[in-house]
J.: 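Just dropping this structure here.
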Amino acid sequence: MDERAISLPVKCLSCNEQLTTPIVCDGCHTLYPVPQSADFFDLLSIPRTFALDSESLSRAYRSIARQIHPDTFGGDSIEARNLSTRLSAQINEAFATLRDPVKRAAYILEIAGGPSAIEVREVPGTLLGEVMMLREEIEQAQKSGDEAAMEKHRETITTRREDTLRLIADRADALWEASDEDKKAFRVLLNSIKYFDNLLAELQADPLAAGKDH
Amino acid sequence: MGEKRDIIIGIDLGTTNSLVAMADEAGPRLIAGDAESDDVIVPSVVGFDETGAMQTIGTSARAHAIERPTTTVHSIKRLMGRGFADVEQEIAALPYRVEKRDAATDRDMAEVVIGARSFTPPEVSALILRHLKQRAEKHFGHPVSRAVITVPAQFDDAQRQATRDAGQIAGLEVVRIVNEPTAAALAYGLDRKEDATIAVYDLGGGTFDISILRLEDGVFEVLATNGDTHLGGDDFDNALIALFAEEIRDQFGVEITSPTIKQQLRTLSENIKKRLSDRDEAQIEIAIGNDKVYRKTITRNAFEQMIAPFVIRTLDACSRAMKTASLTPGDIDQVVLVGGSTRVPYVRKRVAEVFNTKPYTALNPEHVVGLGAGVQASILSGIERDVLLLDVTPLSLGIETLGGAMGKLIAANVKIPCQASETFTTFKDGQTNIKINVLQGERELAKDCRSLGVFELGGVPPMPAGLPKISVTFLIDQNGILNVSAKEQRSGKAASIQIIPSHGLTRDEVKRMEQEAITHAREDMAAHHLIDVRTTLAFDLNKVESMLHRHSSQFDETEIEDFRQRIAELRTFAQSCDDPTKINERREAFNHSTLPLAERAMTAALSGSVATDDGDNIQAPPSN
């Protein structure tokens, strides 16, 4: 577990109640800008771990969203309303990032000080050859309209993606104490997901839907 | 959280019909025109006179659409926030005049021209909003100044801005813009607090929306939205109209050009569509001049074949929405139907097929959005504290990059409020301005997306090219409306932003229109008043004239001559004077002077000394 302390104003400056999240007071609904040191886990007041269950994540998100959404600050000052809009945008980004396992893993790597996708572009050694072969086969199946072959490819790639994701999940929570080398290896694994996603998009039956998705 | 505030009303500003709702502790209710009637629907139709003065709104305006096609404005929502070029095709189908607005040379906007006056679409919408506002004020007995207004989920930033502008012109602060399907879900879900996944299928007159929501612990979370701002029941009507026009041309060699016949065809087609909802066939008969009559029988089957392509487009959008939400039909617990066009049985059948569940039809599909607007109003005014709405942005937002590509900053279907930042720099030494073309849409090239406008960053410190770093934050608020702020990173100073909307009004224009709307309303009211006063005077003068005639034996010659002369003078005066107060004063003085005459006439009539062949024409002038 990460040991960084976040600089919470421990008590609400307005009503002196204990704060349970860094951005809003449970008691009097006073809002606070996001502290520099707070990360997405802090914002949602959830444990800093990859192994989140999506139910409790959603519940945490809804509970905070309810307290800071601009609709609940309709009668307050323009400053409070603007702050609630900005905080909501940040909470929404936090939730969207942590809900998606790939984005969550990448985010943990980022706050654990690992390399970004721009700094390390490598993918696992055998992946490029594998992807090239798959792409050729997909193109052929598309040309001949071989639905069965397409479906088979879809299954294969989905399985490969899931397997990779499992490796990522296994290593993610060790990132806080991991060596630079391990962090780089983790980034390499993460990079391979993008290749699987691109292949799956190519297999997309409805090109219009594919366009709207990303 | 807030002291006691003034009331917030909820408005469904529709292409065809509009409604106004209120909410209190007892829940949301639609407001009817008067206490005796339960008619809550206001047709979104504005009737003008030939000079462009507003005459009627709603049902009475719609009633005159056939006889006054060129001065009756309907479907104005289709023009909201759009450029003239965007809507040229639709304009061809409109019987009233729409032109390119030349008051704004830097922008592409349309305006409605009636007589000597012209109106931008927000100004016409404002007339409808003002009517709804007045309806609510009459209900409450005090002024109302804040409103929630619903828009199609697929409305872009310009269309949302235009709606907000319309509110301001009507004297309403639009505290929230809510997506129509989301509002419908609020109305649907209010009584059912259990968790569920809901699909809202909203097929209105001009737009189609599909939204999928998750309702959990009183939070309505939109998972995905999709749709088409140019698909609706009007397309069903147009298919019928096109068929009739074609057959009339083939059978009689007549091209339909008259706005009156066009409007008549439209009204007939709408009625046929409605009749085919509970019958297997419907006939029409239309006189096209020269004793020629066009007759046609349409079967439900034929009608369904005609509308199938449109319905299939809606079903494709449903599939895309489910895909975005990573759901399958089995995950959808309930399908809620919204919009008048969902009364068409074929639509219901196909929707049931695609979601594999029977749609929920207990709510009136034409009322549900208005009710939902009322729910949202009660959330904002703090009456309803258990419910919260978390919506998404319908379209991707981006900027035009070098080479004319669309550089996406915020993806479609992302929860709002949301924000993204981008750093900009200069290309020339000493450059102090940077222009950014902001786009919305799903296409790869900037020219295929909608331009929201050009944002001009000013006050960039003069430096060698590439050195200034201006960080621009694009924030989409809970209304789905874009707010942009900029900061020069070296100096930390906020950079100024000037926005030139592509199809919208500037802040100054909206302010001016708000003033003008009040003046116009006064002018229109004054014009109306003047006409009323003149009519009353003419009525009184005729009455006296007729009395003088019928009871001539009771009066002497000079008396009669004197009155005739004064009547003639007053008639001339009424035409030349445009001050209703002066006309009224003269009328009252004149009526007063005729009192003795009337008394004599009455006495004579009662004593039977006069033959009263049609004595009921005699009326005493008002005695006060």
J.: Which label fits A:Tyr107 and A:Phe40: parallel for a plane angle under 30°, tilted from 30 to 60°, or perpendicular past 60°?
T.: parallel
J.: Which atoms of A:Ala96 come close to chain B, meaning under 4.5 Å heavy atom to heavy atom: side chain ones, backbone ones, both, or neither?
T.: neither
J.: Does B:Asn226 reach the main-chain N or O of B:Arg320 with its side chain, forming a donor-acceptor pair under 3.5 Å?
T.: no
J.: What part of A:Asp71 gets closer than 4.5 Å to chain B, counting heavy atoms only: side chain, backbone, both or neither?
T.: both
J.: Are A:Glu139 and A:Arg135 within salt-bridge range, i.e. N to O under 4.0 Å?
T.: no
J.: Is it the side chain or the backbone of B:Val392 that comes within 4.5 Å of chain A heavy atoms, both, or neither?
T.: neither
J.: Does this structure show an ion pair linking A:Glu155 with A:Lys152, if we count only N-O contacts that are shorter than 4.0 Å?
T.: no
J.: Do you know which of A:Ser88, A:Ser84, A:Ser58 has the most heavy-atom pairs under 4.5 Å to chain B?
T.: A:Ser88
J.: Check each atom of B:Glu221 against the heavy atoms of chain A and say whether the ones under 4.5 Å are side chain, backbone, both or neither.
T.: side chain
J.: Any carboxylate oxygen within less than 4.0 angstrom of a Lys/Arg side-chain nitrogen, looking at A:Lys194 and A:Asp197?
T.: no
J.: Which answer fits B:Val219, side chain, backbone, both or neither, if we ask what part of it has an atom under 4.5 Å from a heavy atom of chain A?
T.: both
J.: Okay, side chain of A:Asn92, backbone of B:Pro417: is any donor-acceptor separation there less than 3.5 Å?
T.: yes
J.: Measuring heavy-atom distances to chain A, does B:Ile476 have an atom under 4.5 Å in its side chain, in its backbone, in both, or in neither?
T.: neither
